[in-house]
Student: 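Let me begin by handing over the structure; questions about it come next.
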Amino acid sequence: MNTVTVSASKTYDILIGSGLLPALGEQVKKLGKAQKICVVSESTVFPLYGKAVTESLESAGFSVVNFVFPAGEESKNGSVFLELLNFLAQSGLTRSDLIVALGGGVTGDLAGFAAACFLRGIRFVQVPTTLLAAVDSSVGGKTAIDLPAGKNLAGAFCQPSLVLCDTDTLNTLPADIFRDGCAEVIKYGILYDPVLFAHLEEKGLSFDREAVITRCVELKRDVVVEDEFDTGARMKLNLGHTIGHGVEAKSNFTLSHGKSVAIGMAIVSRACGCPDTPRILAILQQFGLPTTTDDTADEILSYALSDKKRSGDLVKLILPNAIGDCAIMPTPVGKLKSFIQAGL
């Protein structure tokens, strides 16, 4: 097992390794105070791991209630969010109790935002079961729900009290969902680490899961500690996201987040003329991720302009100069269409 400690506005550990789920109850017990726990999960994950998580928590002396919502990004909305808040109230959770988010990024975002809002804030624990959640969304405290106008437009910064990543849960992921997470793993290599990128090129989908997840989490930890509230260096983690979110929203979220980000990274790499663009496109294709879209620049633009990272008439794009070297580029909204067009 590897442990990565995050020292932000709250200090917490990220535990990464095989066979960790049975130890969840004892790990949560170390956090103190809580008597009741609400496990928030979705309809595909809970049948796989809900029993093990519930039994582990109950064995540690906790009273457990479960909130299970329909799987999919479309559930990360205001209606389900309010259902969850009402469920927490009806279940009698107090300020000393906590939430366990069992699932992927949608679950973590929804449960984390509820934790930030319920009783003006209670603690929560992330138990990511997808690669994407393990390396990205479970770490750093960003929580949100989607609005009709765009993705993640209502949310809060709320650091978890613990992240427990049992790598065995990745064995039940459909291959397509695992590849989605690989887009975020590749992103870390492009942003910060040529050695990580080269390992992925060499090993492909057979990469060392525990080592790679740990490295990605270390990289994100360093960024979060430097810029917890996403006003500077942390913006680099949005590589491919502004345009990717546009592609994702245009599809009405039928195209996954990982595939959308892959397309976004390919577009910005081509548009800015990065000399490593051939390697970036090749590795995305190696991992079965798309690098093109049939959407027009106008269509992508209309959705990208609702991105929460827009500031007035500027959109801050993240552009790769080379593998391991990326820059934040404030881009006038008026020039965004031509930029997207150059990368299509």
Side-chain angles (χ1 to χ4, degrees), residues 136 179-180 182-202 204 216 219-220 223 227 230 232-251 255 257-344:
D136 193 65
R179 288 191 181 93
D180 276 355
C182 292
E184 295 286 349
V185 172
I186 292 166
K187 179 192 78 174
Y188 283 105
I190 297 171
L191 281 172
Y192 304 116
D193 196 337
V195 175
L196 171 61
F197 192 91
H199 174 76
L200 297 172
E201 285 180 312
E202 178 187 353
C216 291
L219 290 166
K220 184 158 189 181
V223 175
D227 178 26
D230 202 12
R234 188 171 179 175
M235 291 182 182
K236 286 187 178 181
L237 295 175
N238 295 319
L239 173 65
H241 281 61
T242 295
I243 293 173
H245 281 169
V247 173
E248 186 179 9
K250 166 64 172 56
S251 77
L255 188 68
H257 178 71
K259 291 184 179 65
S260 301
V261 168
I263 292 169
M265 290 192 294
I267 289 174
V268 297
S269 297
R270 286 191 292 256
C272 73
C274 172
D276 283 329
T277 295
R279 289 181 68 194
I280 293 171
L281 299 179
I283 199 171
L284 292 172
Q285 291 162 356
Q286 179 184 358
F287 277 79
L289 294 163
T291 59
T292 60
T293 176
D294 291 332
D295 296 338
T296 67
D298 278 322
E299 289 171 332
I300 296 172
L301 177 67
S302 66
Y303 287 94
L305 289 181
S306 68
D307 191 90
K308 63 188 179 302
K309 293 174 286 297
R310 178 181 173 184
S311 179
D313 290 330
L314 291 177
V315 175
K316 292 182 179 177
L317 297 175
I318 314 304
L319 307 183
N321 297 317
I323 302 300
D325 176 18
C326 294
I328 301 171
M329 181 61 67
T331 303
V333 167
K335 294 185 178 181
L336 187 57
K337 177 184 173 181
S338 60
F339 180 87
I340 295 171
Q341 185 64 56
L344 288 175

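Just so it is clear, the structure is predicted and the values come from calculations on it, not from any experiment.
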Student: Does any part of the side chain of Val261, heavy atoms only, come nearer than 4.5 Å to the side chain of Leu289, both counted from C-beta?
Tutor: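 Side chain of Leu289 against side chain of Val261, heavy atoms only: no contact under 4.5 Å found.
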Student: To the nearest 0.5 Å, what is the distance between CG on Leu317 and SG on Cys326?
Tutor: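 Reported to 0.5 Å precision, the distance equals 12.0 Å.
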Student: Using a 4.5 Å cut-off on heavy atoms from C-beta on, say whether the side chain of Ile323 contacts that of Ile280.
Tutor: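 In contact.
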Student: Please round to the nearest 0.5 Å and tell me the distance separating atom CG of Leu239 and atom CD1 of Ile190.
Tutor: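 Going from CG on Leu239 over to CD1 on Ile190, the span is 5.5 Å.
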Student: Return yes if a side-chain donor-acceptor contact under 3.5 Å exists between Glu248 and His241, otherwise no.
Tutor: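 There is no such pair between these side chains.
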Student: Is there side-chain contact between Val315 and Phe339, with heavy atoms separated by less than 4.5 Å?
Tutor: no
Student: Thr277 side chain to Ser269 main-chain N or O, any donor-acceptor pair under 3.5 Å?
Tutor: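 Judged by distance alone, yes, a pair lies under 3.5 Å.
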Student: Are any of the side-chain heavy atoms of Thr291 and Arg270 separated by less than 4.5 Å?
Tutor: yes
Student: Where is the tightest heavy-atom contact between Pro332 and Pro330, given as atom of each residue plus distance?
Tutor: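 Heavy atoms only, the tightest pair is CD-O, 4.0 Å.
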Student: Check the pair Leu305 / Leu336 against side chain to side chain contact (heavy atoms under 4.5 Å, CB included), numbers first and verdict last.
Tutor: CA-CA 9 Å; Leu305 289 181; Leu336 187 57; 4.1 Å; yes
Student: With side chains defined as the heavy atoms from C-beta onward, is the minimum distance between Cys216 and Leu196 less than 4.5 Å?
Tutor: yes
Student: What is the distance from atom CG of Leu237 to atom NZ of Lys220, rounded to the nearest 0.5 Å?
Tutor: 6.0 Å
Student: Counting N and O atoms only, with roles assigned by atom type, does the side chain of Lys236 sit under 3.5 Å from a partner on the main chain of Ile318, one being a donor and the other an acceptor?
Tutor: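 Not a single qualifying donor-acceptor pair exists.
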Student: Can you check whether Glu201's main-chain N or O pairs, donor with acceptor, with Gln286's side chain at less than 3.5 Å?
Tutor: yes
Student: Considering residues at least two apart in sequence or located in another chain, which fulfil the salt bridge (charged side-chain N to carboxylate O under 4.0 Å, His left out) criterion with Asp295?
Tutor: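 For Asp295, the residues satisfying salt bridge (charged side-chain N to carboxylate O under 4.0 Å, His left out) (neighbours in sequence not counted) are Lys250.
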Student: State, with a plain yes or no, whether a side-chain heavy atom of Leu255 is found less than 4.5 Å away from one of Ile263.
Tutor: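 Side-chain contact under 4.5 Å: yes.
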Student: Quick one: do Leu191 and Leu219 satisfy side chain to side chain contact (heavy atoms under 4.5 Å, CB included)? Show the steps, please.
Tutor: CA-CA 10 Å; Leu191 281 172; Leu219 290 166; over 6 Å; no
Student: At what distance, to the nearest 0.5 angstrom, does NZ of Lys337 lie from CD of Glu299?
Tutor: 11.0 Å
Student: Between Pro320 and Asp325, is there a side-chain heavy-atom distance shorter than 4.5 Å?
Tutor: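 A side-chain contact under 4.5 Å is absent here.
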Student: Which distance, rounded to the nearest 0.5 Å, do you find between the CD1 of Ile300 and the CG of Leu344?
Tutor: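 With rounding to 0.5 Å, CD1 (Ile300) is 5.0 Å from CG (Leu344).
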Student: Does the side chain of Leu319 come within less than 4.5 Å of Cys274's, by heavy atoms?
Tutor: no
Student: For residues Ala249 and Tyr303, report the shortest heavy-atom separation together with the two atoms involved.
Tutor: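 Nearest heavy atoms, Ala249 then Tyr303: CB-CD2, 3.5 Å.
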Student: Please check: side-chain N/O of His245 versus main-chain N/O of Ile243, any donor-acceptor pairing under 3.5 Å?
Tutor: no
Student: Calculate, to the nearest 0.5 Å, the distance between atoms CG and CG belonging to Asn321 and Asp276 respectively.
Tutor: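 Those atoms lie 10.0 Å apart.
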Student: Verify side chain to side chain contact (heavy atoms under 4.5 Å, CB included) between Phe287 and Val185, making sure each step is shown before the conclusion.
Tutor: CA-CA 11 Å; Phe287 277 79; Val185 172; over 6 Å; no
